[in-house]
Visitor: 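Handing you a structure now.
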Amino acid sequence: MASRPDDDPRLLLENGIFGFDTDGATGCFADAGAWEPLLALFEKGLIQGDPDLDPDVYEDINDSMYLLRTRDPASGGELAAFATTGDGTYPVWVGRSEVGEVVGVVVLVEGMPELLPESGATAVG
C-alpha cells in the first residue's frame, strides 16, 4: 500500500487502508516539488478553460479515464488527474525499486476496464 516511511500498517484499524479521499469523483498525483506551477496550469486549463495553453505543458485527455495531465518544464514535474467511480476513499499501492524509489502507482477503483496485453504479449486469465 502507499505509505510514507513513518507509516506503520500494523496501526491501521480493521479494514483500514492507505489511500485518498475524494468528494469530487477525481484523483490526482503530482510531483510535490513542482506543486505550485502544476496547480496553476491545472487551474488555467480545467477551471479557466484557457484554449492557448502549450500542449507540451497541458494535455486534456478525452479518450481515456485520465482527465488531464500538466507538466512543469523547469522541474520536470508532472500532474495527472483521473476519474474515479464516485466519492469515497480509494486504496493506493506504490511499487518501489530495491533502493526505495517509486517505480509504479496503482489506485484501485471499481469498474476498471479489462487491461489489454501489450503488443506481442499474451493475455492472462
Side-chain angles (χ1 to χ4, degrees):
M1 285 198 253
S3 59
R4 297 176 302 237
D6 56 344
D7 288 336
D8 186 345
R10 297 173 299 175
L11 300 178
L12 287 172
L13 299 175
E14 187 173 341
N15 297 321
I17 62 167
F18 291 113
F20 67 90
D21 293 328
T22 179
D23 61 1
T26 305
C28 173
F29 292 107
D31 290 324
W35 177 248
E36 292 302 323
L38 293 170
L39 179 59
L41 287 167
F42 176 88
E43 289 176 343
K44 279 180 90 171
L46 187 67
I47 297 170
Q48 299 167 9
D50 184 340
D52 298 323
L53 283 171
D54 181 345
D56 288 336
V57 298
Y58 181 88
E59 181 180 7
D60 190 1
I61 307 169
N62 296 321
D63 60 348
S64 166
M65 76 180 284
Y66 288 99
L67 300 175
L68 63 86
R69 187 168 141 190
T70 64
R71 295 174 203 82
D72 174 41
S75 68
E78 295 188 34
L79 174 150
F82 54 93
T84 63
T85 56
D87 298 345
T89 302
Y90 290 87
V92 178
W93 283 266
V94 174
R96 297 185 184 273
S97 69
E98 289 182 12
V99 294
E101 295 175 341
V102 174
V103 295
V105 178
V106 174
V107 177
L108 182 61
V109 292
E110 295 176 6
M112 288 288 288
E114 181 179 336
L115 297 178
L116 300 174
E118 290 185 30
S119 179
T122 351
V124 210

Visitor: Please answer: with hydrophobic residues joined when any side-chain heavy atoms are less than 4.5 Å apart, are Val102 and Tyr90 in the same cluster?
Guide: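 Cluster IDs for Val102 and Tyr90 match.
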Visitor: For the CZ atom of Phe18 and the CG atom of Asp8, what is their distance to the nearest 0.5 Å?
Guide: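 If we round to the nearest 0.5 Å, Phe18:CZ and Asp8:CG are 7.5 Å apart.
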Visitor: With rounding to the nearest 0.5 angstrom, report the OG1 to CG distance, Thr85 to Leu108.
Guide: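 CG of Leu108 is found 9.0 Å from OG1 of Thr85.
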Visitor: For Thr89, what residues pass the side chain to side chain donor-acceptor pair (under 3.5 Å) criterion, not counting sequence neighbours?
Guide: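 Partners of Thr89 under the side chain to side chain donor-acceptor pair (under 3.5 Å) test: Asp21.
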Visitor: So, using side chain to side chain donor-acceptor pair (under 3.5 Å) as the criterion, who are the partners of Ser75 when residues are at least two apart?
Guide: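 Checked Ser75 against side chain to side chain donor-acceptor pair (under 3.5 Å); matches are Asp72.
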Visitor: Apply salt bridge (charged side-chain N to carboxylate O under 4.0 Å, His left out) to Glu59 and list each qualifying residue two or more places apart in sequence or on a separate chain.
Guide: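 Glu59 satisfies salt bridge (charged side-chain N to carboxylate O under 4.0 Å, His left out) with Arg71 once adjacent residues are dropped.
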Visitor: Which distance, rounded to the nearest 0.5 Å, do you find between the CG of Leu38 and the CZ of Arg69?
Guide: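 Nearest 0.5 Å value for the CG-CZ distance: 11.0 Å.
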Visitor: Measuring only between side-chain heavy atoms, which start at C-beta, is Leu68 closer than 4.5 Å to Leu79?
Guide: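 With C-beta onward as the side chain, the pair touches.
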Visitor: Does anything in residues 24-61 pair up under ring pair (Phe, Tyr, Trp, His ring centres under 6.0 Å), and if so which pairs, sequence neighbours excluded?
Guide: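 Every pair satisfying ring pair (Phe, Tyr, Trp, His ring centres under 6.0 Å) with a residue in residues 24-61: Phe29-Phe82.
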Visitor: Tell me which pairs pass salt bridge (Lys or Arg N to Asp or Glu O under 4.0 Å) where either residue lies in residues 22-36, with sequence neighbours left out.
Guide: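 As it turns out, there is no salt bridge (Lys or Arg N to Asp or Glu O under 4.0 Å) pair with a partner in residues 22-36 once direct neighbours are skipped.
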Visitor: Which atoms form the tightest heavy-atom contact between Asp87 and Gly24, and what is the distance?
Guide: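 For Asp87 versus Gly24, the nearest heavy atoms are OD1-N, 3.4 Å.
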Visitor: Which residues pass the side-chain contact (heavy atoms from CB on, under 4.5 Å) test with Val99, not counting sequence neighbours?
Guide: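 Counting only residues at least two positions away or on another chain, Val99 forms a side-chain contact (heavy atoms from CB on, under 4.5 Å) with Ser97, Glu101.
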Visitor: What heavy-atom pair brings Pro37 and Ala34 nearest, and what distance separates the two atoms?
Guide: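 Scanning both residues, the minimum pair turns out to be CD-O, 3.2 Å.
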Visitor: Do Val103 and Val106 land in one hydrophobic cluster if side-chain heavy atoms of ILVMFWY residues count as linked below 4.5 Å?
Guide: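 The answer is no; the residues belong to distinct hydrophobic clusters.
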